[in-house]
Q: 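After the structure tokens below, expect a handful of questions from me.
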Amino acid sequence: MKITRVTSHILQYDLPGELGYSQQYYEKRSAHLVEVETDEGITGWGECFGPGNIAIANKSIVEKVIQPMVLGCDPMDRDVLWHKVYNLTRDHGQKGMPLQSLSGVDIALWDIAGKVTGQPLHKLVGGAHRTRIPAYGYGMMLKRESVDDHVARFKTEAAAIMDMGFVGAKLKTGLGPREDILLCQAVAEVVEGRGRFMVDANHCYTTSDAFYVGRALDELGAYWFEEPVAPEDLDGYRELRRGLKVNISGGEAEFNRWGWRQILENRGLDIAQPEVCALGGISEYLRVLALCHAHFTPVINHVWGSAIAVATNIQLLAAMPALPGGLHPWEPMLEFDTTDNRFRDNLLEVPLDIQGQVKSSGGFVTIPDGPGLGVVPDRDFIRHYELDL
């Protein structure tokens with residue numbers, strides 16, 4: 001079997017309303033799918049992390065840089081191909097967009113391997129440690145409105161997320177330390193007694209401001225404080241972990257095993273959040289997971305993107321060993337974005353229907369058992385939303 005073509009599909013549509021987080025506002029939803037074709041008619045699908053113009057730039061890397069390196073190769077040699085591509089591109093980017101692009105190709109190769117062997121991804125990895133996964137919902141994005149309007153809306157959205165059946169709710173912060181505490185208080189009040197609440201700062205604070213917000217979160221009983229400071233500030237993470245009660249989480253902006261080794265050896269995280277569609281794909285994710293567990297650091301995957309990304313993460317969460325084990329071990333959760341996302345809800349021939357599963361099961365999702373990722377994209381849907389680049 002040989003690889004005959006690697007194609008990037010950049011999908012985009014206008015959101016019904018502007019959304020924001022601590023770094024920017026955005027009006028369009030985008031997704032970057034990768035399709036790897038073979039001479040035996042077996043096609044694999046993957047996804048690259050990175051929205052908007054980042055996705056457009058990554059398309060060039062996938063098709064103009066990576067594709068020539070893998071054409072004619074056996075797609076089952078995915079680890080060989082991973083190291084070939086990484087070694088030939090490392091002088092030009094050991095992190096960032098080259099790794100995001102490699103991630104989509106690698107995920108597609110694993111999808112092919114599952115289809116060749118007739119096994120779902122979790123079987124290829126080693127089997128399912130769990131048959132269902134609890135899911136938490138996030139929403140409560142920033143908008144161009146007053147703090148009072150944010151507080152009122154966050155209360156409404158937090159209640160809606162818990163009413164959907166999710167086991168927890170996560171909000172965005174970024175209005176300023178004092179204002180953000182008001183948002184956290186509002187969500188904590190709604191979620192109390194119904195599940196966990198988490199806070200995602202998207203690295204908007206200095207260390208001192210993160211301590212100011214974090215001490216409030218200690219009192220409010222937040223489960224974790226996500227990306228409180230810049231991803232480069234490893235010392236800041238370590239200081240916050242030592243000085244706060246709330247779990248410090250992060251890592252979505254880190255790449256490959258070497259970057260993760262630094263984070264873990266620094267002991268700055270209570271919960272690791274690797275992003276499989278960015279850090280190097282499934283091949284590298286499995287190495288990062290092993291590093292995390294070697295440091296006894298629990299993992300809750302960062303999940304953002306289309307149904308391809310969601311399906312990939314469900315498979316990986318199913319195959320994640322329990323940490324540390326026992327009758328009632330610590331268990332991971334599936335992150336689920338509750339905001340408008342057609343590329344998650346309508347992309348597949350048979351939708352995952354996460355919202356429906358969560359509502360009917362009390363907060364859990366099941367594992368797709370089809371070969372590879374266990375899902376099939378709708379090509380007509382892709383053609384309808386694909387940018388003509």
Side-chain angles (χ1 to χ4, degrees), residues 1 31 33-38 40-47 75-76 78 103-137 164-167 274 276-277 281-283 285-286 289 299-323 329 331-337 341 343-379 381-382:
M1 182 186 299
L33 308 184
V34 174
E35 179 184 8
V36 176
E37 299 173 68
T38 69
E40 294 188 11
I42 297 176
T43 296
W45 291 90
E47 181 162 357
M76 297 297 284
R78 52 194 178 277
S103 298
V105 175
D106 180 80
I107 292 169
L109 295 180
W110 278 87
D111 191 31
I112 289 172
K115 292 170 180 175
V116 169
T117 60
Q119 297 289 323
L121 174 58
H122 67 264
K123 286 286 188 182
L124 294 180
V125 172
H129 288 269
R130 53 196 61 81
T131 58
R132 60 180 195 162
I133 302 164
Y136 76 87
M164 290 179 200
F166 288 100
V167 301
V276 66
C277 296
I282 294 167
S283 296
Y285 167 89
L286 294 173
L289 175 64
V299 173
I300 296 181
N301 298 352
H302 178 265
V303 183
W304 182 93
S306 80
I308 298 297
V310 175
T312 302
N313 279 280
I314 292 174
Q315 296 280 356
L316 293 173
L317 290 169
M320 184 187 296
L323 184 77
E331 293 283 2
M333 297 185 289
L334 173 70
E335 178 176 14
F336 187 81
D337 176 2
N341 190 343
F343 303 144
R344 180 197 59 224
D345 297 338
N346 307 118
L347 171 68
L348 304 178
E349 291 183 359
V350 179
L352 291 168
D353 188 24
I354 300 298
Q355 297 98 318
Q357 289 192 57
V358 165
K359 185 69 173 179
S360 63
S361 67
F364 292 84
V365 298
T366 57
I367 319 303
D369 58 6
L373 302 182
V375 295
V376 179
D378 183 330
R379 289 187 179 275
F381 180 93
I382 291 174

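Treat the numbers as computed from the prediction; the structure is a model and nothing was measured.
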Q: Which pair of non-hydrogen atoms, one from Met333 and one from Leu317, has the smallest distance, and what is that distance?
A: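 Minimum heavy-atom separation between Met333 and Leu317: O-CD1, 3.7 Å.
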Q: Distance-only, no hydrogens or angles: does the Asp369 side chain make a donor-acceptor pair with backbone N or O of Gly374 under 3.5 Å?
A: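 No; zero donor-acceptor contacts below 3.5 Å.
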Q: Quick one: closest heavy-atom pair of Pro134 and Pro332, and the distance?
A: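 Pro134 and Pro332 have their closest heavy atoms at CG-O, 3.4 Å.
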Q: Can you tell me if Glu349 uses its side chain to pair, donor with acceptor, with the backbone of Val376 under 3.5 Å?
A: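 A pair under 3.5 Å: no.
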Q: Taking the side chain from Asn313 and the backbone from Val303, do they hold a donor-acceptor pair closer than 3.5 Å?
A: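 No.
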Q: So do Arg78 and Ile112 actually touch side chain to side chain, heavy atoms under 4.5 Å?
A: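 Not touching, per the 4.5 Å side-chain cut-off.
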Q: To the nearest 0.5 Å, how far apart are CD1 in Ile133 and CG in Asn301?
A: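 One gets 9.0 Å once the value is rounded to the nearest 0.5 Å.
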Q: Any side-chain to backbone donor/acceptor pair from Gln315 onto His122? Under 3.5 Å, distance only.
A: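 Checking the backbone N and O of His122 against the side chain of Gln315, a donor-acceptor pair under 3.5 Å is found.
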Q: Asp111 versus Val36: any side-chain heavy-atom pair under 4.5 Å?
A: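 In short, these two side chains do not touch, never coming nearer than 4.5 Å.
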Q: At their closest point, which heavy atom of Ala318 faces which heavy atom of Ile367, and how far apart are they?
A: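 Answer, listing the atom of Ala318 first, then Ile367: CB-CD1, 3.6 Å.
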Q: By the definition side chain to side chain contact (heavy atoms under 4.5 Å, CB included), identify the one residue from Val116, Thr38, Leu109 that meets it with Met76.
A: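 So, applying the side chain to side chain contact (heavy atoms under 4.5 Å, CB included) to Met76 and each of Val116, Thr38, Leu109, only Val116 qualifies.
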Q: Say you draw a straight line from CG of Leu323 to NE2 of His129; how long is it, rounded to the nearest 0.5 Å?
A: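 Answer rounded to 0.5 Å: 11.5 Å.
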Q: Out of curiosity, Phe166 CZ to Leu334 CG, how far, rounded to the nearest 0.5 Å?
A: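 One finds 8.5 Å between CZ of Phe166 and CG of Leu334.
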Q: Among all residues two or more places apart in sequence or in another chain, which pass the ring-ring contact (aromatic ring centres under 6.0 Å, His included) test with Tyr285?
A: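 Partners of Tyr285 under the ring-ring contact (aromatic ring centres under 6.0 Å, His included) test: none.
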Q: Are any of the side-chain heavy atoms of Ile382 and Leu347 separated by less than 4.5 Å?
A: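 Heavy-atom side-chain distance check passes, below 4.5 Å.
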Q: To check you understand the geometry: which heavy-atom pair defines the closest contact between Asp106 and Gly281, and what is its length?
A: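 Where Asp106 meets Gly281 most closely, the heavy atoms are OD2-C, 3.4 Å.
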Q: Are side-chain heavy atoms of Arg344 and Gln355 found at a separation under 4.5 Å?
A: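 Side-chain contact under 4.5 Å: yes.
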Q: Of the non-hydrogen atoms in Ile107 and Cys277, which two are nearest, and what is the gap between them?
A: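 Result for this residue pair: CD1-SG, 3.9 Å.
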Q: Might you point out which heavy atoms bring Trp110 and Leu121 nearest each other, and give the distance in Å?
A: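 Heavy atoms of Trp110 and Leu121 come nearest at CE3-CD1, 3.5 Å.
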Q: Main chain of Met320, side chain of Arg130: is a donor-acceptor contact present, judged purely on distance under 3.5 Å?
A: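 Answer holds: yes.
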Q: Quick one: does any side-chain atom of Gln357 pair with a main-chain N or O of Thr366 as donor and acceptor, under 3.5 Å?
A: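 Yes; judged by distance alone, with no hydrogens or angles, the pair exists.
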Q: Less than 4.5 Å apart, side chain to side chain, heavy atoms only: is that true for Val375 and Leu352?
A: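 They are in contact (side-chain heavy atoms under 4.5 Å apart), so the answer is yes.
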Q: About how many Å separate CG of Leu348 and CZ of Phe381, when rounded to the nearest 0.5 Å?
A: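 If we round to the nearest 0.5 Å, Phe381:CZ and Leu348:CG are 9.0 Å apart.
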Q: Taking the side chain from Glu47 and the backbone from Ser306, do they hold a donor-acceptor pair closer than 3.5 Å?
A: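 Flag set: sc Glu47 to bb Ser306 pair under 3.5 Å.
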